[in-house]
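Following: one structure in structure tokens, then a few remarks.
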Amino acid sequence: MAWWKKNENNKGLRPIMTARDEASINKGVKGGFWPLVKKVERSPEIRSNFMVVQNKKTGEIEVVGDQRMGFDTENYDMVIEWTYYYPHCFASPFAAYLIPPDIEIGERVYIEDLIEDIVGARWNQGNNYRLEGCEAIWNGKDLEIQYDPDTNLVEFEG
């Protein structure tokens, strides 16, 4: 979401790229990276809400995402009531962080595209937004995500 500030790599940390399909992972391997392969698992906490209203005369629809907004019941019918959905689509059920060959144990890096579904922001209307990227520390086998929801979570009221 462009309207909230994501956790950005503003410390000049080494970026860790994510490959999201077999061909991209193997391309990274041929480029000298080690693929840290992980299953892509959808979190039930990541969600957005919407309703759909339809113009009674023209048939055109409008998607509403803000529960504070009413709609003109004289000219519109609600065709889908308020509901939640998972707003992301990944082509593959697995992905890999491409680990550079010269990474050192204890090195702090920045993951640009998290594989893990971590809630990075909440809106009091029920929408929970996925953290796109964050810092991590290489422990020699895995990347330890450096995100604490108690101190880093962004909460919106509306």
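Just so you know, these numbers come straight off a predicted model, no measurement behind them.
- Met17 and Leu131 fall into different hydrophobic clusters, where Ile, Leu, Val, Met, Phe, Trp and Tyr residues are linked whenever their side-chain heavy atoms come under 4.5 Å apart, directly or through other members.
- Between Val40 and Glu116, every side-chain heavy-atom pair lies at or beyond the 4.5 Å cut-off.
- When the side chains of ILVMFWY residues are joined at heavy-atom separations under 4.5 Å, either directly or via intervening members, Val37 and Leu143 end up in two distinct hydrophobic clusters.
- To the nearest 0.5 Å, atom CZ of residue Arg130 and atom CD1 of residue Ile118 are 8.5 Å apart.
- Contact check for Pro100 versus Arg14: side-chain heavy atoms found under the 4.5 Å cut-off.
- Residues Val63 and Phe50 approach most closely at CG1-CB, 4.0 Å, considering heavy atoms.
- Note: Phe33 CZ to Leu98 CG = 6.5 Å, rounded to the nearest 0.5 Å.
- A 6.0 Å sphere centred on CD of Glu144 holds more than 12 heavy atoms belonging to other residues, nucleotides or ligands.
- In this structure the side chain of Ile115 never reaches within 4.5 angstrom of the side chain of Phe94, judged on heavy atoms.
- The shortest side-chain heavy-atom distance between Val79 and Val53 does not fall under the 4.5 Å cut-off.
- Note that the CD1 atom of Ile16 and the OH atom of Tyr110 stand 12.5 Å from one another [nearest 0.5 Å].
- Note: the hydrophobic cluster containing Leu36 does not contain Val29 (ILVMFWY, side chain heavy atoms under 4.5 Å, direct or indirect links).
- Grouping the Ile, Leu, Val, Met, Phe, Trp and Tyr side chains by contacts below 4.5 angstrom, directly or via other members, places Ile25 apart from Ile111.
- Between Ile46 and Tyr129 there is no side-chain heavy-atom pair separated by less than 4.5 Å.
- Looking only at distances, no side-chain donor or acceptor of Ser43 sits under 3.5 Å from a matching main-chain atom of Asp117.
- For the pair Arg47 and Tyr86, the NZ or CZ position fails the cation-pi test of under 6.0 Å to the six-membered ring centre and within 45 degrees of the ring normal.
- Trp138 has its side chain out of reach of Glu104: every pair of non-hydrogen atoms, C-beta onward, lies at least 4.5 Å apart.
- Atom CG in Asn139 sits 12.5 Å away from atom CD in Glu107 (nearest 0.5 Å).
- Contact check on Lys27 versus Asp21 returns no salt bridge, with no Lys/Arg side-chain nitrogen under 4.0 Å from an Asp/Glu carboxylate oxygen.
- Side-chain heavy atoms closer than 4.5 Å link hydrophobic residues (I, L, V, M, F, W, Y) into clusters, and following such links, possibly through other members, connects Val119 to Tyr147.
- A distance-only check finds no donor-acceptor pair linking the side chain of Gln54 to the backbone of Asp77 [under 3.5 Å].
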* **Candidate pair Val52 and Trp82, rule side-chain contact (heavy atoms from CB on, under 4.5 Å), full reasoning** => CA-CA 8 Å; Val52 177; Trp82 284 107; over 6 Å; no

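- In this structure, Glu132 and Asp113 have side chains that are not in contact, with every pair of non-hydrogen atoms separated by 4.5 Å or more.
- Panel note: side chain Lys39, backbone Ala95; no donor-acceptor pair is recorded below 3.5 Å.
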* **side-chain contact (heavy atoms from CB on, under 4.5 Å) evaluation trace for Ile103 with Val109** => CA-CA 9 Å; Ile103 194 168; Val109 296; 4.0 Å; yes

* Asked: Would Met51 and Glu81 satisfy side-chain contact (heavy atoms from CB on, under 4.5 Å), going step by step from the backbone distance to the final call?
  -> CA-CA 5 Å; Met51 81 168 169; Glu81 294 184 22; 5.9 Å; no

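- For Asp72 and Lys56, the salt-bridge test fails: no basic side-chain N is under 4.0 Å from an acidic carboxylate O.
- Residues Glu112 and Pro15 have side chains in contact (heavy-atom distance under 4.5 Å, counting atoms from C-beta outward).
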